Number of protein chains: 2
Amino acid sequence: MSLVPLWDSDIGSSTDNLPEIFSGFSPSEITRVMRCLGVRRRAFSPGEILAREGDISHAVVLLLQGTALVRRGDAEGNRHLIEVITASDVFGEEILWDPARRCQHTATATEQGVALMIDMQKILDPQGPLCELRSRVVENLLRIMGAKNRKLQEHLQVLAHKSLRARLLEFFTQHAAANQSTIFTLRLNRNELAEHLNADRAALSRELSRMKAEGLIDYHRNSFQLLR
Amino acid sequence: MSLVPLWDSDIGSSTDNLPEIFSGFSPSEITRVMRCLGVRRRAFSPGEILAREGDISHAVVLLLQGTALVRRGDAEGNRHLIEVITASDVFGEEILWDPARRCQHTATATEQGVALMIDMQKILDPQGPLCELRSRVVENLLRIMGAKNRKLQEHLQVLAHKSLRARLLEFFTQHAAANQSTIFTLRLNRNELAEHLNADRAALSRELSRMKAEGLIDYHRNSFQLLR
DNA sequence: GAAGGGGTGTTGCCGTGGCAACGGACAAGC
DNA sequence: GCTTGTCCGTTGCCACGGCAACACCCCTTC
């Protein structure tokens with residue numbers, strides 16, 4: 001695990017996929033903000049855990065590269081896959097509003113990548129030692145939260161269906177809409193998809209087969225096509 | 001339906017349950033912000049619909065008094081109860097990040113009350129004609145979005161359980177934690193609770209009976225107690 | 001008191017889907 | 001070649017819960 005102050009690194013140079021939280025900032029402004037916030041950079045490998053449910057942390061995770069799965073478990077040991085986060089996504093923002101600063105989810109990397117760990121305390125505290133760029137960070141954070149909440153709404157919309165087939169169709173429709181195409185490839189394997197849809201893997205396979213037989217969808221491995 | 005400019009009314013005087021979005025504002029500042037934003041006041045009666053799924057609107061709804069149920073339906077006509085909003089809650093903030101400004105939910109009043117309809121366009125537009133109080137409104141809005149985020153996460157946590165009993169126990173546990181007591185009264189009737197838990201009303205009644213028989217809970221009508 | 005209506009409890013039927021077990025496909029390593 | 005591991009498909013069993021129908025309670029209205 002590499003964890004170094006960010007301003008020693010060269011993130012400011014790759015402004016192509018500038019994370020949303022620095023949207024509208026010049027490279028020099030980014031450097032200033034990161035100094036103020038004490039942003040740290042962390043490289044990770046597949047399988048590595050970026051944050052664990054129950055951890056106490058003051059840092060929000062911002063993915064620059066790579067992919068991670070966000071999960072939450074319950075007392076009985078069931079796991080539920082909340083979402084897939086990729087470059088420029090935010091994770092763990094809920095600690096900002098939790099007095100105990102307790103992380104509610106576990107994020108596991110599936111691809112090698114880099115993340116920023118941002119101590120958000122200073123952002124929410126108006127009296128904090130943050131430079132005058134604070135209000136612009138807050139504004140970007142607001143947009144991020146808006147996007148995050150929409151993701152949650154979409155997931156809720158999936159889980160609100162009673163039958164597995166309906167949940168699948170809802171999920172596929174959302175994906176097709178996001179990709180602007182009825183053909184898409186999932187990052188999730190069957191186990192993970194089942195976790196996300198709150199279903200059993202075997203039942204998921206069975207239902208996919210039925211839907212293919214009925215001509216609703218076509219698929220091979222992780223490539224899917226929505227027909228009809 | 002009464003819909004008048006707000007600064008003709010006397011909302012500024014009742015600063016007791018000041019809505020979060022005006023948190024930290026003095027009465028005169030509130031008046032100024034409301035002028036800038038063109039806030040409108042709307043009184044409503046039980047059964048009245050505050051906003052309908054699919055509507056195009058630029059206004060976010062802010063409840064001052066009363067209660068409303070937030071629902072979302074699907075193509076097959078199934079309805080799902082997302083949440084209960086009460087005084088100082090916000091509804092419909094998702095339109096802020098939807099380019100089509102399309103409302104995703106339906107809000108139905110269950111008690112007589114008053115709401116503010118706030119045109120939020122000017123808040124997100126940094127070039128807009130909004131006074132210098134804008135950044136403080138954005139900041140409050142961020143906290144509101146954080147609270148909303150947690151509500152969504154809690155609902156997801158409920159729906160992530162496979163069995164109806166587990167969903168019920170999760171829901172009850174959340175309520176008990178929020179009320180700081182294992183005894184609480186629900187605002188929802190059986191139909192609405194079933195909608196919220198993604199279950200059938202009859203199955204819900206059956207499971208509640210079983211849980212009472214097994215000594216897990218006790219209840220009469222809408223008064224519940226979590227035992228064990 | 002009678003009638004009506006909304007909310008709730010109950011019960012029989014049966015389908016969706018959870019669970020467990022197994023087999024096949026494919027890749028990596030020896 | 002063989003082995004091991006991972007992922008996916010399939011199938012039998014059966015329980016949870018959706019659905020429909022009916023009964024009961026409580027309240028309002030006439």
Side-chain angles (χ1 to χ4, degrees), chain A residues 46-47 69 73-74 76-81 84 108 110-111 158-171 185-214 216-225, chain B residues 46-47 67 69 73-74 76-81 84 108 110-111 158-172 185-214 216-225:
Chain A
L69 300 182
D74 61 22
E76 290 89 44
N78 304 316
R79 293 195 311 175
H80 190 69
L81 184 80
V84 184
T108 313
T110 55
E111 295 173 9
V158 169
L159 295 188
H161 290 279
K162 288 200 176 63
S163 76
L164 177 51
R165 171 172 298 198
R167 292 202 293 279
L168 265 168
L169 285 175
E170 180 76 37
F171 180 76
T185 303
L186 295 186
R187 300 171 167 282
L188 306 174
N189 63 29
R190 292 289 183 278
N191 257 316
E192 292 161 349
L193 181 56
E195 247 185 77
H196 187 63
L197 299 179
N198 199 18
D200 177 70
R201 183 194 61 81
L204 171 60
S205 273
R206 177 169 48 199
E207 191 58 39
L208 284 173
S209 295
R210 280 202 278 249
M211 290 168 73
K212 187 198 267 190
E214 294 177 30
L216 286 174
I217 61 171
D218 194 16
Y219 66 94
H220 178 71
R221 300 273 168 180
N222 283 353
S223 302
F224 289 84
Q225 179 173 16
Chain B
T67 312
L69 300 182
D74 61 23
E76 291 89 44
N78 302 317
R79 292 195 312 174
H80 189 70
L81 184 73
V84 184
T108 313
T110 55
E111 295 173 9
V158 168
L159 294 189
H161 291 279
K162 289 201 175 62
S163 76
L164 177 50
R165 171 171 299 198
R167 293 202 294 278
L168 265 168
L169 285 175
E170 179 76 38
F171 180 76
F172 285 159
T185 302
L186 295 185
R187 300 171 167 282
L188 305 175
N189 63 30
R190 291 290 182 277
N191 257 316
E192 292 160 348
L193 181 55
E195 247 184 77
H196 187 64
L197 299 179
N198 198 19
D200 176 71
R201 184 195 62 80
L204 172 60
S205 272
R206 177 169 47 196
E207 191 59 40
L208 284 174
S209 294
R210 282 202 278 247
M211 290 169 73
K212 187 197 271 190
E214 295 177 29
L216 286 175
I217 60 172
D218 194 17
Y219 65 93
H220 179 70
R221 300 274 168 181
N222 283 353
S223 302
F224 290 84
Q225 180 172 15

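Every chain is numbered from 1, with letters handed out A, B, ... down the list of sequences. What you are looking at is a predicted structure, and each value in this text was computed from that prediction instead of being measured.
Ala199(B) comes within contact range of the sugar-phosphate backbone alone, with a heavy-atom separation under 4.0 Å but no base atom that close. Residue contacts shown for Asp200(A) include a base, since a base heavy atom lies under 4.0 Å away. Using a 4.0 Å heavy-atom distance criterion, Asn222(B) is classed as a sugar-phosphate-only contact.
Between Tyr219(A) and Phe224(A), the ring-plane angle classifies as parallel under the 30° and 60° cut-offs.
For the pair Leu168(B) CG and dC16(D) C1', the interatomic distance rounds to 13 Å; values are reported in whole Å. Here dA15(D) presents its P atom at 19 Å from NZ of Lys162(B), a figure rounded to the nearest Å. Rounded to an integer number of Å, the gap from His161(B) NE2 to dC16(D) P is 17 Å. Following rounding to the nearest Å, Leu204(B) (CG) and dT10(C) (P) show an atom-to-atom distance of 12 Å. Distance CD (Glu207(B)) to C1' (dA15(D)): 12 Å, rounded to an integer number of Å. For the pair Arg79(A) CZ and dG18(C) C1', the interatomic distance rounds to 18 Å; values are reported in whole Å. Here the C1' atom of nucleotide dC8(D) and the CG atom of Leu193(A) are 12 Å apart, to the nearest Å. Per the geometry, NZ belonging to Lys212(B) stands 8 Å off P belonging to dG9(C), to the nearest Å.
Distance from the side chain of Arg206(A) is smallest to dC13(D) among dG18(D), dC13(D), dG9(C). Nearest nucleotide to the Ser205(A) side chain, out of dG7(C), dC7(D), dG9(D): dG9(D). Of the candidates dG17(C), dG18(D), dG9(D), dG18(D) carries the atom nearest the Arg167(B) side chain, counting heavy atoms from C-beta on. Taking only side-chain atoms of Ala202(B), from C-beta outward, the nucleotide of dG18(D), dG9(C), dT10(C) with the closest atom is dT10(C). Comparing atom distances between the Arg221(A) side chain and each of dG7(C), dC8(D), dA21(D) picks out dC8(D) as nearest. Of the listed nucleotides (dG9(C), dG17(C), dG18(D)), dG9(C) has the atom at the smallest distance from the side chain of Ser209(B).
Where Leu208(A) and Arg165(B) each meet DNA chain D at their nearest nucleotide, the meeting point lying more 5' is that of Leu208(A). Of the two residues contacting DNA chain C, namely Asn189(B) and Arg201(A), the nearest-nucleotide position lying further toward the 5' end is that of Asn189(B).
If you check the side chains of His161(A) and Asn78(B), you find no donor sitting under 3.5 Å from an acceptor.
Closest approach of Arg167(B) and Ala199(B) over heavy atoms only: NH2-CB, 4.0 Å. Looking at every heavy atom in both residues, Glu195(A) comes nearest to His80(A) through O-ND1, 2.9 Å.
The side chain of Asn191(B) contributes no N or O atom lying less than 4.0 Å from OP1 or OP2 of dG6(C).
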Query - side chain to side chain contact (heavy atoms under 4.5 Å, CB included) between Leu159(A) and Asn198(B), intermediate numbers included - result: CA-CA 8 Å; Leu159(A) 295 188; Asn198(B) 198 19; 5.8 Å; no
